[in-house]
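Working notes, beginning with the structure itself.
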Amino acid sequence: MGPIEFTVSNRYDAAVMMVRLAQERVGRHVHLANAYTVALADKSAKYREVLRAPAVNFPDGKPIAWVSAMSRQSPRLTQVRGPQLFLDTFDAGRTAGLKHFLLGSTPEVLTALESNLKAKFPNILIVGTESPPFRPLVAKEIDEQDKRIQETGAHIVWVGLGTPKQDFEAERLARKLPVLAVAIGAAFDFAAGTVREAPAWMTRCGLEWVFRLCCEPRRLWKRYLFGNARFLASTLRWSRARRMREPQGGQRQ
């Protein structure tokens with residue numbers, strides 16, 4: 001959809017897929033892409049490249065599912081919500097003995113997050129946490145960080161650095177280490193209890209963005225005002241371009 005190729009899945013199959021990919025011990029990167037992600041990818045060729053195959057892009061956002069349905073896409077995309085996939089993968093990964101590493105946010109959030117996850121999912125293996133400084137790392141710092149992650153034996157590195165920084169970091173980690181690197185967005189804050197989630201009914205109706213905008217208007221108003229408009233324009237433009245490239249008569253070459 002638009003400039004991004006999405007993986008068709010659902011909440012439960014996505015968690016199973018995450019466990020399988022993590023067990024392969026091959027560098028892969030996963031992104032929870034929403035309307036804002038599509039808008040950024042439409043604007044930036046460098047960002048589009050990060051989200052191209054072999055990246056796994058789950059449709060995290062009701063608008064993407066709505067557009068898929070309205071355009072009669074087959075198979076249709078259904079929402080795979082990042083914060084829920086985060087929890088589902090911890091749950092599903094227990095029997096497989098998956099080792100998790102949490103990268104991002106603040107030390108306080110990471111402490112609360114680790115505590116909450118271990119209380120909710122007994123026997124999970126969180127083998128490391130790290131809160132990088134809020135500035136670009138120099139090459140030596142990046143190498144040292146990667147070495148610390150590798151020494152833990154982590155299967156999955158959850159990257160919570162904000163979009164689009166976390167997407168670039170997940171792609172870089174997957175190139176460097178044999179891990180499943182997942183750009184997970186606001187899931188850290190939600191699971192840690194430091195940021196309120198939208199009520200379930202708003203999430204079901206696709207109004208989670210309204211709740212988040214009301215909670216953080218100064219930070220998010222430009223994202224939703226301009227990002228949503230660019231998402232719609234991008235989706236229409238890229239869909240039209242794809243149709244024009246398809247052979248006439250429904251026959252593919």
Side-chain angles (χ1 to χ4, degrees), residues 6-23 28-34 37 56-62 64-65 77-131 152 154-163 166-167 169-170 173 179-209 211-212 215:
F6 284 99
T7 298
V8 178
S9 189
N10 58 56
R11 168 186 168 183
Y12 302 101
D13 291 344
V16 172
M17 181 180 180
M18 293 281 285
V19 174
R20 176 177 58 80
L21 290 175
Q23 289 178 307
R28 296 290 297 272
H29 50 107
V30 176
H31 309 266
L32 280 299
N34 54 25
T37 314
V56 176
N57 302 303
F58 289 118
D60 179 9
K62 283 286 188 182
I64 292 172
L77 299 174
T78 59
Q79 184 183 24
V80 178
R81 189 169 172 270
Q84 187 62 57
L85 180 63
F86 180 62
L87 300 177
D88 288 345
T89 305
F90 270 94
D91 190 14
R94 286 188 288 179
T95 56
L98 292 191
K99 298 177 182 178
H100 304 264
F101 193 100
L102 307 173
L103 177 67
S105 196
T106 65
E108 295 76 18
V109 169
L110 289 176
T111 297
L113 175 59
E114 184 173 6
S115 177
N116 288 356
L117 288 171
K118 287 182 175 179
K120 189 175 183 66
F121 306 112
N123 302 320
I124 59 170
L125 300 174
I126 297 178
V127 294
T129 66
E130 185 150 338
S131 173
T152 67
H155 293 87
I156 301 182
V157 180
W158 299 98
V159 186
L161 297 173
T163 303
Q166 63 192 9
D167 298 292
E169 178 64 5
L173 282 168
V179 298
L180 184 66
V182 188
I184 199 58
F188 280 15
D189 287 311
F190 291 155
T194 53
V195 172
R196 288 176 57 204
E197 288 197 72
W201 71 266
M202 295 188 79
T203 299
R204 287 194 300 269
C205 295
L207 296 175
E208 184 175 6
W209 69 273
F211 180 86
R212 294 191 65 188
C215 291

(message) Run the salt bridge (Lys or Arg N to Asp or Glu O under 4.0 Å) test against Arg94 and tell me which residues pass, sequence neighbours left out.
(response)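 If we apply the salt bridge (Lys or Arg N to Asp or Glu O under 4.0 Å) test to Arg94, skipping adjacent residues, the hits are Asp91.
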Roughly how far apart are [X] [atom1] and [Y] [atom2], rounded to 0.5 Å?
X      : Y      : atom1 : atom2 : value
His31  : Ile184 : NE2   : CD1   : 11.5 Å
Leu173 : Arg28  : CG    : CZ    : 15.0 Å
Phe121 : Asn123 : CZ    : CG    : 12.5 Å
Asp189 : Ser105 : CG    : OG    : 5.0 Å
Asp13  : Asp88  : CG    : CG    : 11.0 Å

(message) Tell me if a side-chain donor or acceptor on Asn34 pairs with a main-chain N or O of Gly61 at a distance below 3.5 Å.
(response)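 Judged by distance alone, no pair lies under 3.5 Å.
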(request) Verify, without hydrogens or angle tests, whether Asn57 (side chain) and Ala33 (backbone) share a donor-acceptor contact under 3.5 angstrom. (result)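 No; judged by distance alone, with no hydrogens or angles, the pair does not exist.
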Shortest non-hydrogen separation from [X] to [Y] and the atoms involved:
X      : Y      : answer
Ala14  : Ser9   : N-OG, 3.2 Å
Ala22  : Leu180 : N-CD2, 4.0 Å
Ala181 : Ala170 : CB-O, 3.4 Å
Arg212 : Ala186 : NH2-CB, 4.0 Å
Leu77  : Pro59  : CB-CG, 4.3 Å
Ala192 : Asn116 : O-ND2, 3.1 Å

Side-chain contact test, heavy atoms from C-beta onward, threshold under 4.5 Å: evaluate it for [X] versus [Y] and give yes or no.
X      : Y      : answer
Val56  : Phe58  : yes
Leu113 : Leu102 : yes
Ile64  : Gln79  : no
Met17  : Thr7   : yes
Phe101 : Glu130 : yes
Phe90  : Leu98  : no
Phe188 : Leu110 : yes
Val80  : Asn10  : no

(request) Using side-chain contact (heavy atoms from CB on, under 4.5 Å) as the criterion, list what pairs up with Lys120, not counting sequence neighbours. (result)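 Listed in chain order: Leu87.
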(request) Begin with the C-alpha distance, continue with both residues' side-chain angles, and end with the deciding distance and a verdict on side-chain contact (heavy atoms from CB on, under 4.5 Å) for Arg11 and Leu85. (result) CA-CA 7 Å; Arg11 168 186 168 183; Leu85 180 63; over 6 Å; no
For [X], enumerate each residue passing the side-chain hydrogen bond (donor to acceptor under 3.5 Å, both in side chains) test, keeping only those at least two apart in sequence or located in another chain.
X      : answer
Thr89  : none
Ser131 : none
Arg81  : Glu197, Glu208

(request) Show your reasoning for whether side-chain contact (heavy atoms from CB on, under 4.5 Å) applies to Val182 and Leu32. (result) CA-CA 8 Å; Val182 188; Leu32 280 299; 4.1 Å; yes
Give the table of side-chain donor-acceptor pairs shorter than 3.5 Å for residues 155-163, with sequence neighbours excluded, one pair per line with atom names and distance.
residue, atom, partner, partner atom, Å
His155, ND1, Lys99, N, 3.0
His155, NE2, Arg25, NH2, 3.2
Trp158, NE1, His100, ND1, 3.0
Thr163, OG1, Gln166, NE2, 3.3

